[in-house]
2 protein chains.
Amino acid sequence: MEQDPATDPVSELETHLAAFQREFPEIDPQVEAIVAALFRLHRRMDVAYGRQLTALGISNAEWEVLRTLVVAGRPYRLGPGELARSLGLTAAAVTHRVDRMVTDGLVTRSRDENNRVRVIIELTDAGREMWDLVVREAARFEAGLLQDLGSGERAALADGLRRMLERVEETQPDAAGRTEG
Amino acid sequence: MEQDPATDPVSELETHLAAFQREFPEIDPQVEAIVAALFRLHRRMDVAYGRQLTALGISNAEWEVLRTLVVAGRPYRLGPGELARSLGLTAAAVTHRVDRMVTDGLVTRSRDENNRVRVIIELTDAGREMWDLVVREAARFEAGLLQDLGSGERAALADGLRRMLERVEETQPDAAGRTEG
DNA sequence: TGCGTATAGTTTAGTACTGAAGTCTTCAGC
DNA sequence: GCTGAAGACTTCAGTACTAAACTATACGCA
């Protein structure tokens, strides 16, 4: 990775973009810059969240389930099938995750007595408290990432991302979004 | 998820943001909007890339290895250790991935005769051709996502993402970035 | 030359996921 | 109220990963 100091790219992102220009000159560098920054940023944030979660004693998988239940609203109950759709997982994976979370006391699993085919996964008080804890930590971290940007710049960023998201949702309609972020 | 039509959010993103405001009113909604859009966009794009790759006959894992070799530049050779660092995987995982890719004819594995501890993973012509094919498809897709945005808007988006990335790299220095995107 | 340590990569054991097969509950039709 | 089909979840078999143990080569130094 050693390079001539005069042209040494400052970041790994620049190295990547330079390599792309070298290998594929006909690709629009601005498009590639946006996509590459987006993927790198996501990756880094994901790693950072993982660390925070580990420090707080839960896994990323458990956190996703907690968040999905909270976003669903009171009384914080969903079936395995609903969870699977929201999380973009198979029902089998949800069965395994919920097994672990019941052991950890974050959720309970019970049969719906009105319709015994259905299973109800419900957030416990401990689960809700864990959620609060994680969200506060994450919000602090996220605010830090954006601290350099003024209100107008944030609005421009949010707008750009939203418009890309609308496009991708049009283009790829059935790729059900897991409740991420 | 049924809601009053008058306030029915148009997208799943808005549902998520509304839920966050409801459950956690003290969080800055603009920050949450940026982070949530970013994660959703990444997820959708990831799914879209996965489909393209499947259609072209390789997996996402194989694609990551091809890209890392190409970005490294001619003669498109790296050792398992370098690949592991770039990809954010363990050396063990690289061993397994390369096993599959050798079978598929995308790369070759050989000993460095000057230093027999080292193993050289080298892109084959077939691997390079596959890379070209994938990049062209991906570039078309990415350009489509950005087609609504003017040059100034793209610059603002790229700038915002880059500044977030710089921040996260400062805050989380050792989370080596895999060569993603 | 030969020993000890460091380095590069592979193998092994264990975890989390997927797709498919299986189990149990409900409901419609007779 | 029995039977068959449909639906919701779980179990099973297989895949890809990680951490840790292992193997083999290289290097420093007497």
Side-chain angles (χ1 to χ4, degrees), chain A residues 43 46-47 49-51 53-54 57-66 68-69 77-104 106-122 175-176 178 180, chain B residues 43 46-47 49-51 53-54 57-66 68-69 72 77-104 106-122 174-176 178 180:
Chain A
R43 172 70 185 174
D46 216 40
V47 170
Y49 290 137
R51 287 181 179 163
L53 290 170
T54 303
I58 64 170
S59 70
N60 192 49
E62 289 174 319
W63 161 239
E64 287 181 354
V65 174
L66 288 187
T68 306
L69 286 167
R77 285 182 196 158
L78 288 172
E82 292 165 308
L83 278 173
R85 277 186 291 280
S86 275
L87 294 166
L89 298 174
T90 60
V94 171
T95 295
H96 299 315
R97 280 196 188 184
V98 169
D99 285 348
R100 299 193 288 274
M101 295 179 72
V102 168
T103 308
D104 295 352
L106 298 170
V107 300
T108 57
R109 168 157 42 195
S110 53
R111 286 270 166 191
D112 182 343
E113 287 307 325
N114 300 324
N115 177 351
R116 294 191 47 77
V117 175
R118 292 187 164 281
V119 167
I120 298 172
I121 316 298
E122 179 169 350
R178 57 197 282 178
E180 205 178 358
Chain B
R43 173 70 185 174
D46 215 40
V47 170
Y49 290 136
R51 287 181 180 163
L53 290 171
T54 304
I58 64 169
S59 70
N60 193 49
E62 290 173 319
W63 160 238
E64 287 180 354
V65 175
L66 289 187
T68 305
L69 286 169
R77 287 182 195 158
L78 289 173
E82 293 163 310
L83 278 172
R85 277 185 292 280
S86 275
L87 294 166
L89 298 173
T90 60
V94 171
T95 295
H96 298 317
R97 279 196 188 184
V98 170
D99 285 349
R100 299 192 288 275
M101 294 179 72
V102 169
T103 308
D104 295 354
L106 298 171
V107 300
T108 57
R109 169 158 40 196
S110 53
R111 285 271 166 192
D112 182 342
E113 287 306 324
N114 300 324
N115 178 351
R116 293 191 48 76
V117 175
R118 293 187 164 281
V119 167
I120 298 171
I121 315 299
E122 178 169 352
D174 48 283
R178 60 198 278 180
E180 205 177 0

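Letters go in sequence order (proteins before strands), and every chain restarts at 1.
Under the rule for a salt bridge (charged side-chain N to carboxylate O under 4.0 Å, His left out), A/E82 has no partner lying at least two apart in sequence or in another chain.
For A/L78 and D/dC9, the CG to P distance is 11 Å, given to the nearest whole Å. In this entry the distance linking CG of B/N114 with P of C/dA8 reads 16 Å, nearest Å. As a whole-Å value, the separation of B/E64 CD from D/dA16 P is 14 Å. As a whole-Å value, the separation of B/E62 CD from D/dC17 C1' is 15 Å. Atom CG in B/L87 sits roughly 14 Å away from atom C1' in D/dA16 (whole-Å rounding). Residue B/E113 contributes atom CD, which lies 10 Å from atom P of D/dA26 at whole-angstrom precision. The interatomic distance linking B/R118 (CZ) with D/dA24 (C1') rounds to 15 Å, in whole Å. Distance CD (A/E82) to P (D/dC9): 8 Å, rounded to an integer number of Å.
Interatomic distance, CD1 of B/I58 versus CG of B/L106, reported as 6.5 Å (0.5 Å rounding). Interatomic distance, A/H96 NE2 to A/L89 CG, rounded to the nearest 0.5 Å: 11.0 Å.
Each of A/L78, A/I120, A/I121 was checked for a side chain to side chain contact (heavy atoms under 4.5 Å, CB included) with A/V107, and the lone residue meeting it is A/I121.
Proximity of B/R109 to the phosphate of C/dT10: a side-chain N or O atom is located under 4.0 Å from OP1 or OP2. Remark: B/R111 is not in phosphate contact with D/dA26, judged by side-chain N or O atoms under 4.0 Å from OP1 or OP2.
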Heavy atoms under 4.0 Å is the rule here; annotate nucleotides 16-23 of chain C 5' to 3' with B where the base is hit, S where only the sugar-phosphate is, and - elsewhere. SSBB----
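Side-chain contact between B/R97 and B/L87 is present, with heavy atoms from C-beta onward closer than 4.5 Å.
Looking at every heavy atom in both residues, A/R77 comes nearest to A/L69 through C-CD2, 4.1 Å.
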